[in-house]
Amino acid sequence: MSQRITIDYTNCMDTVIKRDGISKNKLKSQQAALRQAQQEISRKKKAGQLGFMELPYKKEEAVKIKKLVAELKSKFDNFVVLGIGGSALGNICLQNSLNHLYYNFLPKDKRRGFPRIFVLDNVDADMVKGLMEVIDVKKTIFNVITKSGATSETIAQYFIFRRELEKQLGKKYNQNIIATTDAEKGYLRELANKESYASLVVPKNVGGRFSVLSPVGLLSAAFGGIDIEKLLAGARDMDERCSISIMSHNPAMMYAVIQYLMYQEGKIISVMMPYAQHLKEVADWYAQLWAESLGKAVNNQGKQINVGPTPVKTLGATDQHSQAQLYMEGPFDKVVTILSVGKLAASLTIPAYDDHFLGGQTMNKLLQTEEKATAMALAQKDRPNLTITLPEINEFTMGQLIHLFELATAYMGELLEINTFDQPGVELGKILTYALMGRQGFEDKKKEIEANLKKMKSHYKV
Ligand code: PA5
């Protein structure tokens with residue numbers, strides 16, 4: 001069986017979708033723009049701006065990480081990621097897709113001696129305190145991940161756990177921390193040097209949401225027993241497929257151009273709907289990748305365009321009983337991507353009772369039938385949808401999927417003529433937080449915000 005993932009976009013074409021379906025000619029007319037996009041991506045790659053495209057080839061990095069994990073894994077019961085956004089979502093996605101769904105509840109031998117994995121991606125005291133109540137911090141390794149080295153949420157978490165570690169372990173507390181950050185700059189790098197933490201590097205040219213195949217995502221994956229070399233091999237395989245300039249042979253070009261043409265037709269919402277519990281968090285990771293990369297105020301010429309598809313994360317079959325009604329009969333503003341799995345790992349036969357039609361059939365058949373029924377029903381209602389199929393869920397196919405979406409995001413950004421790789425909106429939020437929380441150097445900003453806040457009094461409230 002081929003281990004390559006496929007994209008079926010039949011249900012986006014005008015042969016099936018009568019309202020706003022894409023014609024063959026329209027698709028072909030995009031070939032030149034896609035080639036230009038590919039040249040631009042290749043130029044940026046050569047200029048060293050697209051570090052995420054180099055990650056699948058960094059085999060030595062994976063070997064280094066595996067060695068570190070082999071040295072440390074038996075010493076710790078828990079591995080906790082402290083990070084947010086691109087420094088957390090990829091980690092969650094990899095654990096959920098490639099490990100047992102109740103991994104942390106398994107006894108250690110069933111985890112092959114690997115520690116339990118937790119990712120704290122918020123500054124909610126209930127969450128942080130709650131974790132403290134269920135882990136022994138002395139037996140826990142904390143991976144503090146922040147590319148900038150300064151993100152308030154991450155540093156706050158770090159301070160809390162550092163204090164706890166210091167209380168319990170004294171000077172030797174530093175053995176329980178691994179910092180993942182910029183090679184030279186930032187507060188976390190300063191701390192790593194001063195406190196002698198083990199550390200890994202986030203390459204300068206890799207943005208947070210594109211960093212899952214860098215040490216940001218690979219370390220926690222390897223601590224969870226995931227084969228990170230196979231993950232990179234899958235990404236390399238997709239990279240090679242996407243080096244072709246003909247869109248019908250290049251999955252990233254094809255995914256991007258379908259999304260682009262649909263966006264031009266007013267399908268401004270990009271729904272991600274995996275039909276596998278293991279792929280649930282892919283939708284969350286994709287939502288950040290798509291939203292933060294493509295939601296931009298200005299184009300490359302500096303013209304205000306306020307562009308960007310809105311990603312929506314859903315789950316089949318769960319959301320058939322929640323959002324599907326809207327997708328079938330609401331506004332014609334969505335394109336749905338179904339994530340399908342050829343062969344699901346577990347299998348369960350539904351026991352037979354009372355000649356019920358479900359008796360004797362498998363749960364997988366039910367899930368996969370529901371998936372096909374959704375695709376068909378959407379198409380019948382003129383709702384465009386495409387299906388990405390993973391032959392099975394493993395490291396090789398997940399590596400392909402991740403790299404496919406990252407490359408497709410780069411193509412989509414070129415088609416929209418925007419900067420895919422910055423995030424001025426996120427930065428603004430960070431600056432306002434720094435100012436309001438009293439960070440040094442932000443005093444004037446704080447005064448300005450406070451003056452604005454006074455003006456912004458809530459006049460309308462119930
Ligand atoms: O993709 C991004 O750039 C962001 O989502 C960042 O990952 C997020 O803001 C966290 O930043 P940092 O890794 O600097 O703490």
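Bear in mind the structure is a predicted one, so any value in this text is a computation, not a measurement.
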Any side-chain donor-acceptor pair under 3.5 Å between [X] and [Y]?
X	Y	result
Arg189	Ser199	yes
Asn122	Gln157	no
Tyr434	Gln440	no

Quick one, [X] and [Y] - any side-chain contact, counting heavy atoms below 4.5 Å?
X	Y	result
Gln368	Tyr275	no
Val81	Leu120	no
Phe161	Leu131	yes
Ile338	Met272	no
Leu401	Ile388	yes
Gln259	Met412	yes
Ile178	Tyr197	no
Pro251	Cys242	yes

Stacked cation flag Lys73 on Phe114, 6.0 angstrom / 45 deg
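Yes, a cation-pi geometry.
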So, does [X] use its side chain to make a donor-acceptor pair with the main chain of [Y] at under 3.5 Å?
X	Y	value
Asn299	Gln304	no
Arg236	Pro56	yes
Asn96	Ile92	no
Ser2	Arg4	yes
Tyr263	Gly308	yes
Lys296	Asn419	yes
Ser322	Asp319	no
Glu395	Asp227	yes

One pair to check against side-chain contact (heavy atoms from CB on, under 4.5 Å): Tyr173 and Arg162. What are the steps and the verdict?
CA-CA 8 Å; Tyr173 90 95; Arg162 173 177 167 176; 3.2 Å; yes
Taking only residues two or more places apart in sequence, or in another chain, which ones meet Asn364 in a side-chain hydrogen bond (donor to acceptor under 3.5 Å, both in side chains)?
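Here no residue qualifies.
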[X] bridged to [Y] by N-O distance under 4.0 Å:
X	Y	result
Lys204	Asp182	yes
Lys454	Glu450	no
Glu54	Lys45	no
Asp77	Arg116	no
Lys313	Glu281	no
Lys343	Glu392	no

Tell me the closest heavy-atom pair linking Gly149 and Ile155, and the distance in Å.
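Between these two residues, the closest heavy atoms are O-CD1, 3.6 Å.
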Would Lys44 and Glu414 count as a salt bridge (Lys or Arg N to Asp or Glu O under 4.0 Å) here? Give the steps.
CA-CA 11 Å; Lys44 287 180 183 159; Glu414 292 302 329; 2.7 Å; yes
Quick check for you: to the nearest 0.5 Å, what is the distance between Ser340 atom OG and Met273 atom CE?
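That separation rounds to 12.5 Å.
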Identified salt bridge (Lys or Arg N to Asp or Glu O under 4.0 Å) counterpart of Glu229 within the set Lys66, Lys59, Lys64, Lys58
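Only match with Glu229 under salt bridge (Lys or Arg N to Asp or Glu O under 4.0 Å): Lys66.
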Only one of Phe52, Trp290, Tyr255 forms a ring-ring contact (aromatic ring centres under 6.0 Å, His included) with Phe405, so which one is it?
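Passing option: Tyr255.
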Strictly under 6.0 Å, is that where the ring centroids of Phe421 and Phe210 end up?
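Yes.
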Non-neighbouring partners of Lys167 that pass side-chain contact (heavy atoms from CB on, under 4.5 Å), sequence neighbours left out:
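Expected list: Arg163, Glu164.
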